[in-house]
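Some notes on the structure that comes next.
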2 protein chains.
Amino acid sequence: MTDDSETLQTPPIAPATVEEFRDRLASITEDLPKRLRQCADHIAANTDRIAVSTVAELAAGADVPPSALMRFCQIIGFSGFSEMQKLFREAYAPGWPDYSTRLKNLKANRAGSPAALLAEFVEAGRLSLESLAKSVDEQVLDRAVATLSRADTIHVVGLRRAFPVASYLAYVFEKMAVPAMLHDGVGKLDHRFALRPGDAVLAITFAPYSEETLTLAADAHARGLPVIGLTDTLTSPLARLADAVVTVPEVDFGAFRSLSATIALAISLAVAVGSARE
Amino acid sequence: MTDDSETLQTPPIAPATVEEFRDRLASITEDLPKRLRQCADHIAANTDRIAVSTVAELAAGADVPPSALMRFCQIIGFSGFSEMQKLFREAYAPGWPDYSTRLKNLKANRAGSPAALLAEFVEAGRLSLESLAKSVDEQVLDRAVATLSRADTIHVVGLRRAFPVASYLAYVFEKMAVPAMLHDGVGKLDHRFALRPGDAVLAITFAPYSEETLTLAADAHARGLPVIGLTDTLTSPLARLADAVVTVPEVDFGAFRSLSATIALAISLAVAVGSARE
DNA sequence: TGCCGTATGGAATAAAAATTCCAAAAGTTG
DNA sequence: CAACTTTTGGAATTTTTATTCCATACGGCA
């Protein structure tokens, strides 16, 4: 008998995804002794808290001693609670952990062929877009669009790294017949006096933040004009000057960003403003 | 002195909500010493992972020793990391069901809302990147890099829709110390005589092809200078003038292209050329 | 009712994580 | 350039958390 039970025993195949976890849970729940069943039920109802709880907390929730919960983890196929928790912690932020490490490696051996480089940038772009979709704050976006739609003229400013974005915004605004002015710093001319009451500023800057962009934003802010910021983090100096700050998560490759997410955001903003004004 | 500093010292008022946390973060970030600033930046960019990470993990991400991160938590007003983490664990709502579900939600919003538009552009960008990765011709890419690496000066030209790409290329070349000149059409000045023997032209244009770009490419071609084209199809008028044509499949949404794939390709090209020249 | 196998709770232990502390480095100021 | 302050890294310590183990309770069966 003993050998039989050994053979039939729960195979130590731990679920590799949240999906698999749920399947396994459903398949074993019914023929489980009382306490383990309590575990299963509580876990099923609170799957999302696994990532942020301790054994003791979860056990208390299921009204069982910690050791029961440990047994439960092992029955599912994990070596213990920590391994199970790992699954949920990683599922929460997929891909991210070793990504920047990979970039560093690639940077180290600069033997990268053009095609290999391209693959990296494509991947970076895809990830950026994904995390943009996940993280964007709809309220802020709505507010930004509303503000810009009311403006007489939109002053777009973004230099260096942000200049491609600024120039694309200017292009789209032009196509949609939205009065806009691109502050491009050509000839080091200072166009700040072009700002009139009723106008709004759309400023784009990423670390290291460009002095001129911040100056223009500060100037507009001081004069009571609405400022919309497009930047990398909420700690950016733009945050203090702007009425609405939209942040874009973008992965750097050395000094270079893929800009995919930023451009996608910019163009959405521009098209939304264009439509709203009609 | 000691009493003064005690009085002036950061009040130990810990943020009680994630909102307050962000405010506090933004307000202190700028006058923070180097390491603590790294903490602030990394935390700002990865706020959502605080709940599921350990001190060691976050510290590694910020590239600082764990003790620096502890100090950071205390400066913000918490007694330590655990207290800070508690805030985020309580506010925790998992990001899954992830990306694709989130996209659907965004799109489900009233059509034409900024968020819905963003979802469309994100989708278009991703598709473009995917098909770029699948369709890119490595041989052509290698040839383009080789040609540009040999050039004395690289003349970058791209107008209207392609201008953001051209300007980004110019930026990257500058950062990598590659001699490059951006033909931007400012003041309608014609810089064609800047083309010298030994130079190369990198021309970017999409339908409807910009006259000025084609003219410059044709001119260079006539004078025997190598021309590299970045365009949408092999039937583009650039194809006849160029020594190597790299095509980018870009998925349009409405009248506007996301540019994601084009920028990814451009930056790969630039970085490859920059590396090759060293 | 007495036997046996499984299930259970909690105390003991091991592992991992957070936190403190201090000596050394870096930076400032007179 | 010396005295002093601030910042830093890492080793030592403490606290928390996970995990194991075993004596006991329970339930079915003869």
Side-chain angles (χ1 to χ4, degrees), chain A residues 1-6 8-10 12 14 28-43 49-90 97, chain B residues 1-10 12 14 28-43 49-90:
Chain A
M1 263 308 164
T2 7
D3 23 5
D4 264 31
S5 67
E6 299 255 338
L8 293 171
Q9 220 164 21
T10 306
I28 59 163
T29 299
E30 40 191 331
D31 34 41
L32 236 38
K34 189 168 160 227
R35 289 285 113 108
L36 293 181
R37 192 166 182 158
Q38 282 173 247
C39 292
D41 290 344
H42 184 253
I43 289 288
R49 308 248 16 125
I50 298 177
V52 294
S53 303
T54 65
V55 175
E57 285 163 1
L58 246 24
D63 201 25
V64 299
S67 48
L69 214 145
M70 290 302 301
R71 250 173 272 135
F72 171 78
C73 297
Q74 288 162 353
I75 282 171
I76 291 212
F78 298 104
S79 70
F81 176 74
S82 299
E83 198 179 298
M84 180 170 99
Q85 191 175 52
K86 195 162 144 238
L87 171 64
F88 290 93
R89 288 192 166 173
E90 275 163 10
Chain B
M1 262 309 160
T2 7
D3 24 2
D4 265 33
S5 66
E6 299 256 341
T7 332
L8 292 173
Q9 220 165 23
T10 305
I28 60 164
T29 298
E30 46 190 328
D31 34 41
L32 236 39
K34 185 161 160 241
R35 288 283 113 105
L36 292 180
R37 183 149 196 176
Q38 283 171 248
C39 292
D41 289 344
H42 185 252
I43 290 288
R49 303 208 30 237
I50 298 176
V52 294
S53 302
T54 65
V55 173
E57 284 163 2
L58 284 174
D63 203 24
V64 300
S67 49
L69 214 145
M70 289 302 301
R71 251 174 273 134
F72 172 78
C73 297
Q74 288 163 353
I75 282 173
I76 291 214
F78 297 103
S79 70
F81 176 75
S82 299
E83 197 179 300
M84 178 170 103
Q85 190 174 53
K86 196 163 140 237
L87 172 64
F88 290 94
R89 288 197 164 172
E90 275 159 12

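Here is the naming used below: chain letters follow the sequence lines, and residue numbers restart at 1 for every chain. Worth knowing before you read on, the calculation uses all heavy atoms, side chains too, and leaves out hydrogens, waters and symmetry mates. Not measured: the values here are computed from a predicted model.
Counting to the nearest Å, the P atom of C/dA25 and the NZ atom of B/Lys34 are 16 Å from each other. The distance between atom CG of A/Leu69 and atom C1' of D/dT17, rounded to the nearest whole Å, is 13 Å. In this structure, the CZ atom of B/Arg89 is 12 Å from the C1' atom of C/dA18, given to the nearest Å. In this structure, B/Lys86 atom NZ and C/dA17 atom P are separated by 21 Å, rounded to whole Å. A straight line from CZ of B/Phe72 to P of C/dA18 spans 15 Å, rounded to a whole angstrom. If you take CZ of B/Phe78 and P of C/dA18, they are 15 Å apart, rounded to a whole angstrom. Put simply, CD on B/Glu83 is 9 Å from P on C/dT19, counting in whole angstrom units. Between the CD atom of A/Gln85 and the P atom of D/dT17 there is a distance of 11 Å, given to the nearest Å.
Distances from the side chain of A/Met70 to the nucleotides D/dA18, D/dT8, C/dA18 place D/dA18 closest. Closest to the B/Pro65 side chain, of the nucleotides D/dA18, D/dG9, C/dT19, is D/dG9. Of the candidates D/dT8, D/dT20, D/dT19, D/dT8 carries the atom nearest the B/Arg71 side chain, counting heavy atoms from C-beta on. Comparing atom distances between the B/Phe81 side chain and each of C/dA18, C/dT20, D/dA18 picks out C/dA18 as nearest. Nearest nucleotide to the A/Arg35 side chain, out of C/dA18, C/dT8, D/dG9: C/dT8. Among the nucleotides D/dT8, C/dG9, C/dA18, the one closest to any side-chain atom of B/Leu36 is D/dT8.
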Run the side-chain contact (heavy atoms from CB on, under 4.5 Å) check on B/Phe72 and B/Val64 step by step: do they pass?
-> CA-CA 11 Å; B/Phe72 172 78; B/Val64 300; over 6 Å; no
Decide yes or no on side-chain contact (heavy atoms from CB on, under 4.5 Å) for A/Glu83 and A/Leu87, but give the supporting numbers first.
-> CA-CA 7 Å; A/Glu83 198 179 298; A/Leu87 171 64; over 6 Å; no
Decide side-chain contact (heavy atoms from CB on, under 4.5 Å) for A/Leu58 and A/Phe81; before the verdict, give the C-alpha distance in whole Å, the side-chain angles of both, and the deciding distance to 0.1 Å.
-> CA-CA 11 Å; A/Leu58 246 24; A/Phe81 176 74; 3.7 Å; yes
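In this structure a side-chain-to-backbone donor-acceptor pair under 3.5 Å is present from A/Arg49 to B/Arg89.
Using a 4.0 Å cut-off, some side-chain N or O of A/Ser82 falls inside it from OP1 or OP2 of D/dT19. Under 4.0 angstrom from either OP1 or OP2 of D/dT20 there lies at least one side-chain N or O belonging to A/Gln74. Distances shorter than 4.0 Å separate none of the side-chain N or O atoms of A/Thr54 from OP1 or OP2 on D/dT16.
If you run side-chain contact (heavy atoms from CB on, under 4.5 Å) between A/Gln38 and each of A/Ile43, A/Leu32, A/Leu69, A/Asp63, only A/Asp63 comes through.
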